[in-house]
Amino acid sequence: MRNHQEFFLGTRLIFGLGCVEKMGDEIRKQGSKEILIVTDAGIVKSGVFDVVRQVLDSSHIGYEVYDQVEPNPDVYHVDRSYHLIHNRTFDLIIAIGGGSVIDTAKALALLLTNKGFIRDYEGRGIFKNDAIPLFAVPTTVGTGSEVTRACVISDHERHLKMIVGGPSLAPKVTFLDANLVTKLPSHLVAATGIDALSHAVEGFVSKNANPITDALNLYAINLISSSIRPAVADSSNLEAINGMLMASTITGIGAGNASLGIVHAISHVIGGYYEVSHGMVNGILLPHAIRWNWIANPMKFATIHDALAMSHIQRSTDEKAQGTTEAVRSLLQDINLPQRLSEIGVDESKLDEIAEQTSKDGYLLFNPRRLSKDNIKTILQSAM
C-alpha cells in the first residue's frame with residue numbers, strides 16, 4: 001500500500017441527448033474569440049459536423065475548420081498540420097471526432113503555444129507553456145481521450161506510438177451527446193468499444209489502481225457488458241450507444257488515473273509497425289494478457305468474470321479468474337472481431353522486435369504480473 005495517491009480530473013463533463021447545444025454558452029463563458037475546429041473528412045461527410053456548425057452559427061460564433069486529420073495520426077501528419085495553421089492565433093480548439101481527432105487537436109494545442117515539432121515533447125510534462133484550451137466532442141465509444149491529459153501519436157520511423165502528456169492537455173469541457181454517435185458503423189462500435197473494455201480491465205487490475213479508479217473501471221466493465229452487443233447490432237439504439245459512450249469516458253477517467261498494462265504496451269508497438277485499428281489490436285491481446293495476469297490478483301479477475309458473464313455462478317475464485325479469458329473471447333466472437341494477430345497482418349518474423357520494444361514501455365510498470373522479454377514474446381505467439 002502506498003503512502004499517498006492522487007486522482008486527477010481536469011475536464012468538466014456535459015452529457016445527455018442534445019447536450020452539444022450548450023456549446024455556445026460554454027464558449028461565451030470561456031471568452032473565446034478565435035476558434036479552430038479540428039475534425040476529419042468522415043465526420044464532415046456524416047453530418048455530425050453540421051450539427052455542431054449549426055449550434056455555433058445560431059450563436060453567431062465564428063470559427064475556422066481543419067478537417068484533414070488522418071486515422072492513427074503520425075508525427076509527420078501532426079507537424080504538417082501545425083505548419084498549416086502556425087501563423088494563426090487561436091484561443092480555443094474544438095475537437096469533433098474519435099481518438100485520432102482528439103489526439104491531433106491536443107498535439108496542435110500544445111504546438112501552438114510551444115512551437116517546434118511534436119517529437120520535441122515526447123514524454124510527460126516536457127512542454128513549458130500550457131496548451132490552448134480544448135473542447136472535445138467524442139464521436140466514437142472507446143478512446144477516453146476526451147478526459148485524459150495525454151495524446152498518442154504514431155512514430156512509424158521508430159515503430160512505436162509516442163505518448164505526449166501534461167495536465168493542460170486535458171480538455172476543459174467535453175460534450176457526451178449520444179445523438180452524434182447513432183450513425184457509427186457496426187465495426188467501429190465494436191473496435192472502439194473493445195478498446196474501452198481493455199482500458200477498464202487493465203485499469204482495474206493495475207498496480208496503480210485505487211478505490212476511486214476501481215469503482216469507475218468496474219462500473220464501466222458492467223456497462224460495457226450490458227451495452228456493447230446491442231450497440232454493435234444497431235448504433236441507433238440510444239440506450240445501448242449512450243451506455244457505451246458513458247462507459248468509454250468513465251473508464252477514460254478511471255484507467256487514465258490508474259494507468260494501463262501489457263495490452264497497451266504491446267499495442268503501442270504494433271501500431272508503430274502496422275496501420276491497424278488500436279482497439280482491434282487491444283481486443284485480440286486482451287484474453288491472452290488475462291491468461292498471463294490472472295494469478296497476480298485472482299479476486300479482481302473473478303470480479304471481472306462476473307461482470308462480463310453477467311452471472312454469479314457457483315465456482316471458485318480461481319476458476320472464475322481463469323474463465324475471464326473465455327468470457328472475453330466469447331464477446332469478441334459475438335461482435336465479429338478478429339481473435340488472431342495474423343488476421344490483421346502481423347508478421348511472425350517481427351515478434352522478436354515487437355517484444356524487445358514492448359519490454360521498454362512504461363506501462364509494464366503497472367501490469368499486475370512482472371514480464372520479461374521472453375514472457376512478452378510468449379503472449380505474442382499465443383495471440384498469433
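- Across every non-hydrogen atom of S32 and D91, the tightest pair is CB-OD1, 3.5 Å.
- No side-chain donor from either of D374 and S372 sits under 3.5 Å from a side-chain acceptor of the other.
- Residues L337 and L308 share a hydrophobic cluster, clusters being chains of Ile/Leu/Val/Met/Phe/Trp/Tyr side chains in contact below 4.5 Å.
- A single hydrophobic cluster is not seen to contain both Y82 and I102; linkage of ILVMFWY side chains at heavy-atom distances under 4.5 Å, directly or through other members, places them apart.
- Hydrophobic clustering places F301 together with L331 (ILVMFWY residues linked when any side-chain heavy atoms are closer than 4.5 Å, directly or through intermediates).
- Taking both residues in full, the closest heavy atoms of T140 and G98 are given as OG1-CA, 3.6 Å, listed atom of the first, atom of the second, then distance.
- Rounded to the nearest 0.5 Å, atoms CG (L176) and CE (M246) are 6.0 Å apart.
- Under a hydrophobic clustering in which Ile, Leu, Val, Met, Phe, Trp and Tyr are joined whenever their side-chain heavy atoms come within less than 4.5 Å, directly or via other members, F49 and L134 fall into different clusters.
- L365 has its side chain out of reach of K207: every pair of non-hydrogen atoms, C-beta onward, lies at least 4.5 Å apart.
- For the pair A105 and A95, the tightest heavy-atom approach, listed with the atom from each and the gap, is CB-CB, 3.6 Å.
- The minimum heavy-atom distance linking E275 with P71 is given by the pair OE1-O, 4.5 Å.
- Of the charged side-chain nitrogens involved, at least one lies within less than 4.0 Å of a carboxylate oxygen, so that R28 and D25 count as a salt-bridged pair.
- Between the side chains of S145 and D103, at least one donor-acceptor pair of N or O atoms lies under 3.5 Å.
- When only modelled atom types and interatomic distance are considered, T251 and N217 share a side-chain donor-acceptor pair under 3.5 Å.
- When the side chain to side chain donor-acceptor pair (under 3.5 Å) test is applied to N367, the partners found at least two apart in sequence or on another chain are N293.
- Side-chain contact of K106 with T148: a donor-acceptor pair under 3.5 Å is present, judged by distance alone.
- At a cut-off of 3.5 Å, with distance as the only test, a side-chain donor of Y76 or E157 sits close to an acceptor on the other residue.
- When every heavy atom of T139 is checked against every heavy atom of L184, the shortest pair comes out as O-CD1, 3.6 Å.
- Enclosure of atom CD in E239 is not indicated, since only 12 or fewer non-hydrogen atoms of other residues, nucleotides or ligands lie within 6.0 angstrom.
- In summary, K161 and D155 do not engage in a salt bridge, as defined by a charged side-chain N under 4.0 Å from a carboxylate O.
- With hydrogens and angles disregarded, a donor-acceptor distance shorter than 3.5 Å links the side chain of S198 to the backbone of D195.
- D234 and S236 form a side-chain donor-acceptor contact under 3.5 Å, judged by distance and modelled atom types alone.
- Nearest heavy atoms, H199 versus T143: CE1-O, 3.2 Å.
- In the model, Y273 has a side-chain atom that pairs as donor or acceptor with a side-chain atom of Q357 under 3.5 Å.
- W292 pairs with exactly one of N375, I262, T325 by the side-chain contact (heavy atoms from CB on, under 4.5 Å) rule, that one being N375.
- Taken together through direct or relayed side-chain contacts under 4.5 Å among Ile, Leu, Val, Met, Phe, Trp and Tyr, I284 and I290 form part of one hydrophobic cluster.
- Between the side chains of E146 and T249, a donor-acceptor pair is found at a separation under 3.5 Å.
- Using bins of under 30°, 30° to 60° and over 60° for the plane-to-plane angle, the ring pair Y66/H77 lands in the tilted bin.
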Please tabulate, one pair per line, all N/O donor-acceptor pairs under 3.5 Å involving side-chain atoms of residues 6-24, not counting sequence neighbours.
from	atom 1	to	atom 2	distance (Å)
T11	OG1	P171	O	2.7
R12	NH2	E26	OE1	2.2

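- In summary, the side chains of D57 and Y63 do present a donor paired with an acceptor at a separation below 3.5 Å, with no hydrogens or angles considered.
- Residues H305 and R315 form a side-chain contact, since some pair of their non-hydrogen atoms from C-beta on lies under 4.5 Å apart.
- In the model, N282 has a side-chain atom that pairs as donor or acceptor with a side-chain atom of H264 under 3.5 Å.
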